[in-house]
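Worth knowing before you read on, the calculation uses all heavy atoms, side chains too, and leaves out hydrogens, waters and symmetry mates. Numbers here are sequence positions counted from 1.
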Amino acid sequence: GSPTLRGKFIRESLMCLTIPPPPPDVNTAVVDLPTDKPMTRRQRLEAHMTVESCAVCHKFMDPLGFPLENFDAIGKYRTTDNGLPVDPSGSFDGVNVVDANGLGVAASQSVTVAQCLVRKYYAYAVGHQERAADGSVLNTLATAFKASGFKMRDLVLAVVTHDAFSTAAPQP
């Protein structure tokens with residue numbers, strides 16, 4: 001399990017934000033190099049983030065992935081990593097969280113996540129990627145979704161009853 005990859009997934013899939021790829025000359029295995037004392041994955045990443053060129057991107061991924069550190073690569077719950085206690089604290093969109101449960105609560109209350117869900121569901125429902133022409137439709141749907149208290153059923157109904165759902169938009 002990698003907090004960095006988990007955080008990247010959350011940022012891109014749940015928040016619709018992009019993380020650029022690492023520079024071509026970066027050695028991504030440096031975090032896993034042996035040390036003279038046992039360290040958790042978090043401790044290794046925190047040491048890694050003292051390098052400015054690494055911290056530029058890792059500060060957007062690692063804090064999102066740390067709350068899931070109680071789960072190993074196959075999802076088994078754990079309280080230690082390399083014989084040391086796991087610290088599952090992190091942050092989500094500026095909100096400090098203490099563990100995976102807190103991460104879930106923060107994500108469920110996030111306007112960023114709600115807007116991303118609207119964008120992804122709309123693209124799925126209409127069968128094409130988001131285009132500039134879809135902006136006003138997405139704003140209307142996002143407003144309705146928020147007004148509903150972020151109820152998925154209401155989002156589905158708003159999408160399928162919107163004119164854009166049954167009208168073929170001009171193709172670029």
K.L.:
Give the C-alpha distance, both sets of side-chain angles, the deciding distance and a yes or no for side-chain contact (heavy atoms from CB on, under 4.5 Å) between Leu64 and Phe92.
P.N.:
CA-CA 6 Å; Leu64 291 169; Phe92 182 89; 3.3 Å; yes

K.L.:
Can you hop from Phe165 to Val137 via hydrophobic side chains spaced under 4.5 Å?
P.N.:
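Same cluster.
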
K.L.:
Does a side-chain N-to-carboxylate-O contact under 4.0 Å join Glu69 and Arg78?
P.N.:
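Salt bridge between Glu69 and Arg78, a charged N being under 4.0 Å from a carboxylate O: yes.
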
K.L.:
Any chance you could measure Leu141, atom CG, to Thr161, atom OG1, to the nearest 0.5 Å?
P.N.:
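Between atom CG of Leu141 and atom OG1 of Thr161 there are 8.5 Å.
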
K.L.:
Rounded to the nearest 0.5 Å, how far does CD of Glu46 lie from CG of Asp87?
P.N.:
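So the CG of Asp87 and the CD of Glu46 are separated by 7.5 Å.
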
K.L.:
Of all heavy-atom pairs between Met152 and Leu117, which one has the smallest distance, and what is that distance?
P.N.:
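That closest heavy-atom pairing would be SD-CD2, 3.8 Å.
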
K.L.:
Donor-acceptor pair, Arg11 side chain versus Ile19 backbone, under 3.5 Å?
P.N.:
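It does not hold such a pair.
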
K.L.:
In the single-linkage hydrophobic clustering (I, L, V, M, F, W, Y; side-chain heavy atoms under 4.5 Å), do Phe150 and Val118 co-cluster?
P.N.:
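Yes, because Phe150 and Val118 connect within a single hydrophobic cluster, where side-chain heavy atoms sit under 4.5 Å apart.
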
K.L.:
What disulfide (SG to SG under 2.5 Å) pairs are there with at least one residue in residues 77-121, not counting sequence neighbours?
P.N.:
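For residues 77-121: Cys16-Cys116.
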
K.L.:
Atom CZ in Arg6, atom CG in Asp62: separation rounded to 0.5 Å?
P.N.:
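Answer rounded to 0.5 Å: 12.0 Å.
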
K.L.:
Please tell me if the side chains of Glu12 and Leu17 come closer than 4.5 Å, counting only heavy atoms from C-beta onward.
P.N.:
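Of all side-chain heavy-atom pairs linking Leu17 with Glu12, none is under 4.5 Å.
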
K.L.:
What I'd like to find out is whether the side chain of Phe145 reaches to under 4.5 Å of the side chain of Asp154, using heavy atoms alone.
P.N.:
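With C-beta onward as the side chain, the pair stays apart.
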
K.L.:
Return the NZ to OG distance between Lys120 and Ser13, rounded to the nearest 0.5 Å.
P.N.:
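Answer rounded to 0.5 Å: 4.5 Å.
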
K.L.:
How far does OG of Ser110 sit from CE of Met15, to the nearest 0.5 angstrom?
P.N.:
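That separation rounds to 5.5 Å.
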
K.L.:
Linking I/L/V/M/F/W/Y whenever their side-chain heavy atoms sit closer than 4.5 Å, directly or via other members, would Leu14 and Tyr124 fall into one cluster?
P.N.:
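Leu14 does not cluster with Tyr124.
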
K.L.:
Flag yes if Val56 and Leu45 sit in one hydrophobic cluster, no otherwise; membership is Ile, Leu, Val, Met, Phe, Trp, Tyr, and two members link when side-chain heavy atoms are under 4.5 Å apart.
P.N.:
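Different clusters.
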
K.L.:
Might you confirm whether atom CZ of Phe60 has over 12 heavy atoms from other residues, nucleotides or ligands at distances under 6.0 Å?
P.N.:
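Not buried by this count: 12 neighbours or fewer within 6.0 Å.
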
K.L.:
Please confirm whether the backbone N or O of Asn139 pairs with a side-chain atom of Thr143, one donor and one acceptor, at under 3.5 Å?
P.N.:
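Yes, Thr143 side chain to Asn139 backbone: donor-acceptor pair under 3.5 Å.
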
K.L.:
Would you say Leu157 and Val126 are hydrophobically clustered, going by side-chain heavy atoms of ILVMFWY under 4.5 Å?
P.N.:
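Each belongs to a different hydrophobic cluster.
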
K.L.:
Does some side-chain heavy atom of Leu103 sit less than 4.5 Å from a side-chain heavy atom of Ile10?
P.N.:
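Sidechains of Leu103 and Ile10: in contact.
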
K.L.:
Say whether, by atom type as modelled, one donor and one acceptor occur between the side chain of Arg42 and the main chain of Pro3 under 3.5 angstrom.
P.N.:
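No, the answer is negative, given that no donor and acceptor are paired below the 3.5 Å cut-off.
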
K.L.:
Taking Asn82 for its side chain and Leu84 for its backbone only, find out whether a donor-acceptor pair lies under 3.5 Å.
P.N.:
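It does not hold such a pair.
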
K.L.:
State, without any angle test, whether Ser91 and Asn96 hold a side-chain donor-acceptor pair at a distance under 3.5 Å.
P.N.:
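Distance-only check fails for Ser91 and Asn96.
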
K.L.:
Can you see which heavy atom on Ala106 is nearest to which on Val97, and at what distance?
P.N.:
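Smallest interatomic distance, heavy atoms only, reads CB-CG1, 3.9 Å.
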
K.L.:
Roughly how far, to the nearest 0.5 Å, is CD of Gln129 from CZ of Arg119?
P.N.:
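If I round to the nearest 0.5 Å, the distance is 10.0 Å.
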
K.L.:
Using side-chain heavy atoms (C-beta onward) and a distance below 4.5 Å, is Pro22 in contact with Cys57?
P.N.:
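The answer is no, as the side chains (C-beta and beyond) never meet within the 4.5 Å cut-off.
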
K.L.:
More than 12 foreign heavy atoms under 6.0 Å from CZ of Phe9: is that the case here?
P.N.:
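Check fails, neighbour count at 12 or below.
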
K.L.:
Looking at side-chain heavy atoms only, is the closest gap between Asp81 and Gln43 below 4.5 Å?
P.N.:
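With C-beta onward as the side chain, the pair stays apart.
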
